[in-house]
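Report on the structure given below.
Lettering of chains follows the sequences in order, A, B, ..., and the numbering in each one begins at 1. This structure is a prediction, so every number in the text was calculated from the model and none was measured.
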Protein chains: 2
Amino acid sequence: MTAARRSGASRERILEAAAEVVSEHGYAGTTIARITERCGLPASSVYWFFEDKDELLAAVVLHHYEGWLERRPQWRPVGPGEDLVAVLDELLRPWFRDLGEATAYLRLGQSLLLEPREHDSAARTRFVALRREGMQVFEEWFATELRRSGAAGERPPEEVAAELARLLVVATDGLVLSHRAGEGLDSDLFLDLLLDTVAEVLQGAADRPAGTAGDRTDRMGR
Amino acid sequence: MTAARRSGASRERILEAAAEVVSEHGYAGTTIARITERCGLPASSVYWFFEDKDELLAAVVLHHYEGWLERRPQWRPVGPGEDLVAVLDELLRPWFRDLGEATAYLRLGQSLLLEPREHDSAARTRFVALRREGMQVFEEWFATELRRSGAAGERPPEEVAAELARLLVVATDGLVLSHRAGEGLDSDLFLDLLLDTVAEVLQGAADRPAGTAGDRTDRMGR
DNA sequence: ACTTCCCTGTAGTGACCGTTCCATGCATAC
DNA sequence: GTATGCATGGAACGGTCACTACAGGGAAGT
């Protein structure tokens, strides 16, 4: 058990068991008892590694986010003759295909989002922060590529990038929920539609003069 | 009897108290104790009118849905010289403006969606059913107007209508969650973007020949 | 061999959960 | 007045929740 101690294998086991329980029983159905049953370790071990249930869930959120960061698409720059939307398609499609089933992470996070703000659990706070961080990954890639290609037209590239990143996040959230409702919404076609919208935003940005652009976009988020 | 029970004012009080508790404390924080505290009636009254907590929540879902049906936008037909998207704008904008705060209904429903399917509570089952029903309200209006105006081009109007209805529902879900995350996503601008997308779908449907249209759209839906 | 420290095992804790029991009101009808 | 049935009041029920007190194991250092 030496190796187990040093490598923190028990902590990992608890973390993974918790994630499995969340994905099987949902947020409300996640109890310490189920987690201990799942990982074979007693509750005292759980409370040895984690201060309380809230901190454990926060750790689950962080754990999954880090996993996503490793497996996330590589944001390669757009080549000279390439279309930005085509590259985006290539980057996002595998991820969208997994959205229906694979992401217990998003399910847990969305449950946390729907909880009241006031009570402000560590898990919820962390998810909101990581969600924002993840969105910035999108945003910066967009901003870089828009700046390079000049596809944003008269509008500030950062502004268009923020808009597009928000659009992506909102769309994925909606897609996950739609899937949970058992509506057979096809991820592939939905991405098609989304990319069409992205193209349309870019088109609009390029066409529109600077003056009128401000009217439509200044309200988009903080 | 059942009819006598359903007409009672106490039943209504319990129902409203439950809705308030849900909107304040979220799904997980909704307990019988809090509901009785809120409405001033004892738990025995709650169990006089409702079989159990699950049935009470199912009744809350139905109650709010019926309220929405009454307050929903009137789906007036599109006039001769009018644009379909412009009318849609007029119909949806007030509703979208309320989405951020007002709809405890959607918050409860989304929490139910994120619960596991197997356990299959009455409340969850009912929300899924009403969600589908509500979506069909959209769908039929779209289908009618598309059939009348011929805006669907070569594609079957029902198919385009289904696609647009799904798009609307997914977008509203995502918008509610985004708002819960505290991202200052502006509902007005988001609706602008959404309507642009609708217009784009219609444009694509009108332009595309029948043969290629099938490739993109057959996957949308069940 | 002895201490040290990390982790596990057992057996709880009180609090709160949904739910139930049953006596009591309180109208209305006889 | 007395009977009838809907609805309330209050006090409990067993169960499960998150969490803890504490003793013990077992590897590592000395």
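B:Arg166 places no side-chain N or O within donor-acceptor distance of the main-chain N or O of A:Leu185, the cut-off being under 3.5 Å.
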Legend entry - Heavy-atom protein contacts under 4.0 Å, nucleotides 11-25 of chain C, coded B base, S sugar-phosphate only, - none: ------SSBBB----
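For the OP1/OP2 pair of D:dA7 and a distance below 4.0 Å, the side-chain nitrogens and oxygens of B:Ser45 include no atom meeting the criterion.
Across all non-hydrogen atoms, the minimal contact from A:Leu175 to B:Val170 is N-CG1, 3.8 Å. Across all non-hydrogen atoms, the minimal contact from A:Ala181 to B:Arg131 is CB-NE, 3.6 Å.
Distance from the side chain of A:Trp48 is smallest for C:dC6 among the nucleotides D:dT8, C:dG9, C:dC6.
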Inset, instruction - Output, in order, the C-alpha distance, side-chain angles, deciding distance and verdict of side-chain contact (heavy atoms from CB on, under 4.5 Å) for A:Tyr27 and A:Leu108. - result: CA-CA 6 Å; A:Tyr27 173 69; A:Leu108 171 58; 3.9 Å; yes
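Between the CZ atom of A:Arg11 and the P atom of C:dC6 there is a distance of 15 Å, given to the nearest Å. For the pair B:Leu41 CG and D:dC6 P, the interatomic distance rounds to 17 Å; values are reported in whole Å.
Aromatic ring centres of B:Phe127 and B:Tyr65: separated by at least 6.0 Å.
A side chain to side chain contact (heavy atoms under 4.5 Å, CB included) with B:Ile14 is found for exactly one of B:Val46, B:Thr36, B:Val60, namely B:Val46.
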